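No experiment lies behind these values; they were computed from the predicted model shown. A, B, ... follow the sequence lines: proteins, then strands. Residue 1 opens every chain.
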2 protein chains.
Amino acid sequence: MTIQSRRERERAEREKLIITAARELAETEGWEAVTTRRLAERVEYSQPVLYSHFKGKDAIMAAVAVEGFAELAGELRAARTAARDADDALAGVGRAYVSFAERRPALYDAMFRRGVDLPFATPQVPPALSAGFQELAEAVRPHAGDDDLGLLTETYWAALHGLATLTLGGRLPRELHERRLALLLARFTAGSG
Amino acid sequence: MTIQSRRERERAEREKLIITAARELAETEGWEAVTTRRLAERVEYSQPVLYSHFKGKDAIMAAVAVEGFAELAGELRAARTAARDADDALAGVGRAYVSFAERRPALYDAMFRRGVDLPFATPQVPPALSAGFQELAEAVRPHAGDDDLGLLTETYWAALHGLATLTLGGRLPRELHERRLALLLARFTAGSG
DNA sequence: TTTTGTTCCTAGCGCTGCTAGATTTTCCTG
DNA sequence: CAGGAAAATCTAGCAGCGCTAGGAACAAAA
């Protein structure tokens, strides 16, 4: 038992090490710089070790993405609970969401842009992901009126995602982001009462 | 003169051939299947010929994207001019936009998702792209009120882009898209009068 | 027909994700 | 402590990628 559990623990530690190294490399140099060779070198193991932990590079990205979900959920929660009223909460989570994407573009990439096939709208969705969605939903709830809360939250999320990705991709000038967000919020808070 | 112009014409035809082949390959098998080798084989030339036309693979994608801009602009225009009233126009361009992304995912990828560094918010923006944006803007105008038309159009665009990309990426279930779009439209048409 | 200039291809570089097979290390047994 | 089974790990390599140098083949001019 003892020896087996020690091995499992060491394996888990090494797996965590790989994920952290991948994330750091991605955040400093972008995902295109994260190659299995460089990653192996960073964790001081040979390439095949990576494949004993993960099915492939995509699975490593997915693992990094799951870390990101947890952090995003935390930041959304902080923004929401710090808000004074319902309007402020919706604005807060919106700002926090886009801010997260801007501060951690590589992380955001792995979470929502890359084709990492994590389960999304299914029962096996990562808890951290659904936690983040719940934060959005709670912020949206007071403005939902008779509309379906889940659908409206998805719609708000999509709008934030669009603003974030178009800005990250250089399609929208960054300086005017705050004003665009204000326009969006005006449309989503108007009919709430 | 004659001989030189013939060569230029042939060069232009071959360039068009490359773009078309790249687009077809991308639309049928996705961009990851578009390799310079396969592309060269399709156009029945050797690889280096591609590089005498384009700086690299990214430049080929950018050329395909420009084609896409023109088509999207056309579809948006058709949707807008076919509308009965202002509300219908906004809904029409919205539906047309997302429909385009769903029908031509690879094309949409090249246009708005990949890192192809085409000029966007600058004077040298491709005419077809600004034409498409203008169509959106015309549809948004009646609903802008005192808000800045350009900024509001960007915001509406971002929302559509978010809906389209999250759906394409499997993050949002496709079946409910129409209802999400309806929610978005309700928020963007409400205060127009 | 030879020369000149352009066009185009062959071959190859350094990189990628990934894996088969050999080797080393770890552990249990006598 | 020594020998052997089992597990962990590495070396070496495959097929493919984007891209390019240098030479062969062609067309136009003399």
> Quick one: does B/K16's side chain have a donor or acceptor within less than 3.5 Å of a partner on B/R11's backbone?
Replying inline: no

>> Quick check: any donor-acceptor pair below 3.5 Å linking the side-chain of A/Q47 to the base of D/dC10?
In response: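 Answer no: no donor N or O sits under 3.5 Å from an acceptor.
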
> In chain order, what residues pass the side-chain hydrogen bond (donor to acceptor under 3.5 Å, both in side chains) check against A/R179, with sequence neighbours excluded?
Replying inline: none

> Would one find a side-chain N or O of B/R14 under 4.0 angstrom from OP1 or OP2 of C/dT7?
Replying inline: no

Taking only the side-chain heavy atoms of [X] (C-beta and beyond), determine which of [options] contains the nearest atom.
| X | options | value |
| --- | --- | --- |
| A/Y51 | C/dG17, D/dG18, D/dC10 | C/dG17 |
| A/K57 | D/dC19, D/dC10, C/dC18 | C/dC18 |
| A/S46 | D/dT20, D/dC10, C/dT10 | D/dC10 |

> Rounded to whole angstroms, how far apart are CG on A/L50 and P on D/dT9?
Replying inline: 12 Å

>> Can you pull out the residues from residues 30-44 of chain A that lie within a 4.0 Å heavy-atom distance of DNA chain D?
In response: A/R37

>> Which residues in residues 16-28 of chain A have a heavy atom closer than 4.0 Å to any atom of DNA chain D?
In response: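 Residues of residues 16-28 of chain A under 4.0 Å from DNA chain D: none.
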
> Could you walk me through whether B/Y45 and B/H53 pass the ring pair (Phe, Tyr, Trp, His ring centres under 6.0 Å) check?
Replying inline: CA-CA 12 Å; B/Y45 282 95; B/H53 287 269; 8.2 Å; no

>> Under a 3.5 Å cutoff, is there a donor and acceptor pairing between the side chains of B/T81 and B/R77?
In response: no

